[in-house]
Amino acid sequence: QVQLVESGGGSVQAGESLRLSCSASGNTADRNCVAWFRQAPGKNRETVVVHNTFLDGGSIDSSVKGRFTMSLDKAKMMYYLQMNNLKPEDTAMYYCAAKADSCSWSFKDFTAWGQGTQVTVSP
């Protein structure tokens, strides 16, 4: 089974940057699609970005496009989310996730999850 562990969260001011990391283990086939989700208190879980590691392509949410970038290191089995020009509305718990086969925009389709890392952006 796939195991995921996030790190890199913290408290920053608006306009600053953070890079989140996700360490992965398990079969490559079970994490063909990797993704980042976020959830703020009282709000629904939101999809930030999904990426097909085999096809090396994916999709990113319009609210973070141009500011956030997902990357990966297959050799190290590491996934990253570079977050630039952070805004207060980006404040949330961020999760990395994975699933087998094709990617999905719905968090319900993902079978492996990390514990989450908190990102807090002050005005």
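If you read the sequence from its start, that first residue is 1, and numbering goes on from there.
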Residue pair [X] / [Y]: nearest heavy atoms and the distance that separates them:
X: Thr117; Y: Ser7; value: OG1-C, 4.2 Å
X: Leu20; Y: Gly9; value: CD2-N, 3.6 Å
X: Val2; Y: Ala98; value: CG1-CB, 4.5 Å
X: Ala35; Y: Val50; value: CB-CG1, 3.6 Å

Main-chain N/O of Thr53 paired with Lys74 side-chain donor or acceptor, under 3.5 Å: yes
Any pair counted as ring-ring contact (aromatic ring centres under 6.0 Å, His included), so long as it reaches residues 29-77, sequence neighbours left out: Phe37-Phe110, Phe37-Trp113
Side chains of [X] and [Y]: does their closest heavy-atom pair fall under 4.5 Å?
X: Glu6; Y: Gln115; result: yes
X: Thr91; Y: Gln118; result: yes
X: Val119; Y: Arg38; result: no
X: Asp30; Y: Thr111; result: no
X: Ile60; Y: Met70; result: no
X: Val34; Y: Leu4; result: no
X: Asn32; Y: Asp101; result: no

Arg31 to Tyr79 six-membered ring, cation-pi geometry met (6.0 Å, 45°): no
Where do Met78 and Ser21 land on the side chain to side chain contact (heavy atoms under 4.5 Å, CB included) test, with the steps shown first? CA-CA 7 Å; Met78 294 285 293; Ser21 299; 3.8 Å; yes
What distance do [X] atom [atom1] and [Y] atom [atom2] have between them, rounded to the nearest 0.5 Å?
X: Ser11; Y: Leu86; atom1: OG; atom2: CG; result: 11.5 Å
X: Lys108; Y: Lys99; atom1: NZ; atom2: NZ; result: 15.0 Å
X: Lys43; Y: Met93; atom1: NZ; atom2: CE; result: 15.0 Å
X: Met77; Y: Leu72; atom1: CE; atom2: CG; result: 12.5 Å

Is there a chain of hydrophobic side chains (I, L, V, M, F, W, Y, each step under 4.5 Å between heavy atoms) that links Leu18 to Val48? yes
Looking at residues at least two apart in the chain, or sitting in another chain, which of them share a side chain to side chain donor-acceptor pair (under 3.5 Å) with Ser104? Asp109
Kindly determine whether Asp61 and Glu46 satisfy side chain to side chain contact (heavy atoms under 4.5 Å, CB included), including the steps that lead there. CA-CA 9 Å; Asp61 188 76; Glu46 299 178 343; over 6 Å; no
Give a yes or no on this: more than 12 heavy atoms of other residues, nucleotides or ligands lie within 6.0 Å of atom CG of Asn44. no
May I have the step-by-step check of side chain to side chain contact (heavy atoms under 4.5 Å, CB included) for Met83 and Tyr94, ending in yes or no? CA-CA 11 Å; Met83 306 183 295; Tyr94 283 72; 3.9 Å; yes
